[in-house]
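The structure appears right after this line, and notes come after that.
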Amino acid sequence: MATESALENEISPVDFIQLQEYIEYSRIKAKDAMKEFHAGGKLVHHRFGDHIDATGFSLFLNNYLEVEDFPADLCQRLYWYFQRSEQSCPDQIPHTKDGGVSLKAVLCYFSILEDGNPRDKLEYTFKLYDKDDNGLLDSKEVDKIVTQMMQAAEYLGWDVTELKPVLRDMLKAIDIDSSGTVTQQEWIQGGLNNIPLLVLLGLKVAEKDGQHVWRLKNFSRPTYCFVCQNMMLGLRKQGLSCNYCKYTVHSSCANKNRTQCVRTFVKSKTEIGCSAHDWISADCESNKCEICHKKIKILTGKSCAWCHRMRHSDCVPLCSSQCDCGLLQHHILPPWAICAMDLTDSSSGSSLGENYLANINSDGHFLQIFPVNDTQPLLVFVNPKSGGKQGKRVLRKFQYLLNPRQVYNLDNGGPNPGLQFFQNLHKYRILVCGGDGTVGWILDAIDKAAMVNRPPVAILPLGTGNDLARCLHWGGGYEGTDLTEIIKQIEESTLVQMDRWSLQVIPVDMADEGDPVPNDIINNYFSVGVDASIAHQFHVMREKHPQKFNSRTRNKLWYFQLATSETISASCRNLKECLTIECFGVPVDLSRLSLEGIAVLNIPSMHGGSNLWGETKNAEKLKKWEEVTVDCDALKMCSQDMNDKLLEVVGLESVVEMGQIYTGLKRKAHRLLQAAQITIRTSKTLPMQIDGEPWMQPPCTIHITHKNQANMLMAPSAKSLGCFSK
C-alpha cells in the first residue's frame, strides 16, 4: 500500500493539466531541448551516461517550456515520477546515489504529449530506444515505450483498462515471425494501423479521404458504439468520436471498424456537380425520419453528412439520392465541387503556388475547386489557441457542419494553404475564428497573396479584446451559440471597407537595440505610453507563466491587476517632455495637457470596448473631408469612420481616465487631431503597442501613412449573435 508521503509526491490530474498548458504554449520540441545534454551543450555536465541529475532535469524543463521559474514542487514530483517508473523495471541498475532519470524516458514521454505527426513520433520513439542503432527493438525496449505511452495516456484521461489489451494485440501483430524483435518498419506500420494509439499520439488530420479523425470523448448521456452496438460503460462513459462525422466507437472496437468517414472530394471529372447524400450511422434517437415521419430508435438511423437530414437505415434507399446540402447549401463546399486532378494536367498545374503541396491528396493528385452555381462558400480559419479551449471546440464543430477541406487549423501551416486552395473562386467569404491578432494575420496573408478578388472577412471573436469584432457588430466574445446561426448572420452581413495603415519605425541610433517591432501594419490602433506599458507587462507575464493566461476571464483579471499597479507607479508621467507629434510638417501643441499616453485610432474601439474618440452628434458632423484637423472647436465636430482614410489621435491622462471611459463615467479622451498621415518622434525608450502587440522602443521617429483598404463584413445585429458586447 502506498505511504502518505508517496501519495503526496504523485502527479495529480491538476498537475498534468498544468504541464500540458506549458507544453502547448512552448515553441521548442523536447528533442531540441535535449541537445543541451550532448557534447558541447550547456547542460552536458548534468549528464552521466544515459541519465541526468535533478538539477539538469530542472534546467531542461525551464529551457524546454520557455519559462524562468517552472514550479519547483511540480518539477520535483515529475523527477520522482520518472525515477519510480524506471525503478519499476526489473533490469534497472541505479547509476548514481539518487538514481537520476533516464534521458530516453523523459524524451519519449514529452514527445507523446507534444503536437506533431504520429508517424514522426513513432519513428522518433523507435530510434530513441534503438541503443545499438541496428534497426531492431527487443521486447524489453518495446515494453519501455509502451509503458511511457500508457502512463501518458492515463494522465490524459484515458481508461487504460481498454487501452492495454489494444496495445498488447498490436505488439503481437507486429512481431509476425515471433522472433522477439521488431523492425522500425513493423513498429511504424503497426502503430499507424492502431487507431487508439493514433489518437493518443495526436492524429488531427486524415491522411486519406474517408479516414475518421478520432478524439477521446467522455459522453454525458447514454451513447452506443456503432461497431459492437453496446453502450459506452464506466464512470466516464468513454469512447472515440470522429470530428468529421460524429461516428462513435469503443476504444477497443476502433480497430474493428470498417465503416468509412465522409468523402471530401470526388476522384473523377465525371462526378463534378453530381450531388449525392453521404449517409453515416448517427445518434438519431427521438428524431423523426424524413421519409416515414416515424421516430428513429437507437442504432436504427443514419444522417447525411451534408444536409444533416435523418432517415431510418431501411428508409435510406426509398427516396432520391440527390443532396441539396440543406440549410447551409450556400456556404458548404460539397465533395462534388472538389476534384482530384492529375498534376500533369496543364489546366490544374498552371497556377500552382508554393503552398500547393498542402492540397495534394495521399494519391498524389492536386485538389481543385469547381464551384457550384449560386453559392458563396465559406473559407474558415481557426486559431485553436484563442479563447482558452474555445478554438479547438469551434474547429471541430465547423469540421462537422462544413466540408473539412474548407476548415483550416492555423497551427497547421497558417492561412496560405487555404487561400491557395480557394484562389480560383470568384465569390467566397472568409470567417476568421480568433482574436484581433488572428484577423490581422489573415489580412496580411491576403495582401501578400496579391489576390485579384479579395474576399470579404467576417469574424468569430475568440480573443480577449476583440475590438475590431465589436466595431463590426460581431460582439466582444463568442459564448457558444449554435454555429449555424453565426453562418446565417454572415449571409445577412454587409460589406464595408476598412482602412489599413503602414507603420515605419526609424531608430535615432541604429546601434541601440530594442525589442523587435511586432508588425508594420495598423488595423485597429497604435499607442505610446500608459496603456502600452500595461500591455507590455501583461505580455512579459504571459511569456513567463503561459498556464496562467488560458481564458478570457483570467486575462482580464490580470489586466486589471497590472492596471492597478500602473496607477500607483505612473511610469509614463510627463510624456509630452519626450514625445512630439506632427502632421505634414506642422507640430501639434501638447503643452496644455498632462498626458501619460497617446493613442492613434483607426476604429472606434480600444481596450476591449472603449470608444476613446467618443460619439459625435449627427448635427455636428463635418461634411467636408480635411487632410488635417487640429483646431479644438473643429475637432468637436469630427466623426470617426474606419473607411475615411483618416486617423484620430487622442491623449490619455492616466489609467483612471481609461477606466472612466470604459465604464461610461467619461465620454471620451482628449481629442488632439485628425489627419491622413502622422509623424511621432520620441527621445527616450517608451512602451508602444500596435493592435495589442507591445514592445519597448528606444528613441525613434515613427511615420504612419495609409496603405490600403480591406473588405470586411459587418453583422446585421450584435444582439442575436450570442457574443457579449463588453
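Between D447 and R500 a salt bridge is recorded (basic side-chain N to carboxylate O distance below 4.0 Å). A salt bridge does not link K302 with D278: none of the charged nitrogens is closer than 4.0 Å to a carboxylate oxygen. A salt bridge links R309 with D324: the closest approach of a Lys/Arg side-chain nitrogen to an acidic carboxylate oxygen falls below 4.0 angstrom.
Using bins of under 30°, 30° to 60° and over 60° for the plane-to-plane angle, the ring pair Y400/H308 lands in the tilted bin. Note on ring orientation: taking the six-membered ring where Trp is involved, the planes of F381 and Y408 are tilted (angle from 30° to 60°).
Donor-acceptor pairing under 3.5 Å is recorded for the side chains of N711 and Q497. Side-chain atoms of D467 and N524 form no donor-acceptor pair, as typed in the model, at a separation below 3.5 Å.
Checked by atom type and distance alone, the side chain of H706 never pairs as donor or acceptor with a backbone atom of D499 at under 3.5 Å. Between the side chain of S303 and the backbone N or O of G301, no donor-acceptor pair lies under 3.5 Å. The closest donor-acceptor contact from the side chain of T375 to the backbone of P377 lies at 3.5 Å or more, if one exists at all. Using modelled atom types, no side-chain atom of S605 and backbone atom of L468 make a donor-acceptor pair closer than 3.5 Å. No donor-acceptor pair under 3.5 Å is formed between the side chain of E648 and the backbone N or O of D641.
The number of heavy atoms from other shown groups lying within 6.0 Å of CG (L318) is above 12. Surrounding NZ of K246 are at most 12 heavy atoms belonging to other residues, nucleotides or ligands under 6.0 Å away.
Put simply, the side chain of L333 does not reach to within 4.5 Å of the side chain of L402, judged on heavy atoms. By the 4.5 Å heavy-atom criterion applied to side chains, P455 and R429 are not counted as neighbours. Annotation: side chain of R311 is in contact with side chain of W279 (closest heavy-atom distance under 4.5 Å). Here the side chains of N519 and E693 are not in contact, with every heavy-atom distance at 4.5 Å or above.
With rounding to the nearest 0.5 Å, the separation of CG in N403 from CD1 in I332 is 8.5 Å. Atom CG in N257 sits 10.0 Å away from atom SG in C261 (nearest 0.5 Å). If you take OG1 on T259 and OH on Y247, they are separated by 3.5 Å, rounding to the nearest 0.5 Å. Here the straight-line distance linking atom SG of C242 with atom CZ of R396 works out to 12.0 Å at 0.5 Å rounding. Rounding to the nearest 0.5 Å places CD of E491 at 13.5 Å from CD1 of I486. In this structure, CD in Q423 is found 8.5 Å from CD in Q368, a value given to the nearest 0.5 Å.
The ring of Y244 has its center no closer than 6.0 angstrom to the ring center of H212.
The two atoms that bring F421 and I338 nearest to each other are CZ-CG2, 3.8 Å, heavy atoms only. The two atoms that bring S241 and F219 nearest to each other are CB-CZ, 4.2 Å, heavy atoms only. Here the closest non-hydrogen pair linking C307 and G326 is CB-N, 3.5 Å. The two residues G434 and N383 make their nearest non-hydrogen contact at CA-CB, 4.5 Å. Listed here is the closest heavy atom pair of A710 and L443: CB-CD2, 4.1 Å. Between L503 and V517, the closest heavy-atom pair is CD2-CG1, 4.2 Å.
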Given the rule in the side-chain hydrogen bond (donor to acceptor under 3.5 Å, both in side chains) test, do T264 and R405 qualify, once you have shown the distances and angles that lead to the verdict? CA-CA 7 Å; T264 60; R405 298 277 174 189; 2.8 Å; yes

So H330 and D374, side-chain hydrogen bond (donor to acceptor under 3.5 Å, both in side chains) or not? Walk me through it. CA-CA 7 Å; H330 296 297; D374 301 321; over 6 Å; no

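Shown are D520, N523, N602; of these, the side chain to side chain donor-acceptor pair (under 3.5 Å) with W501 is made only by N602.
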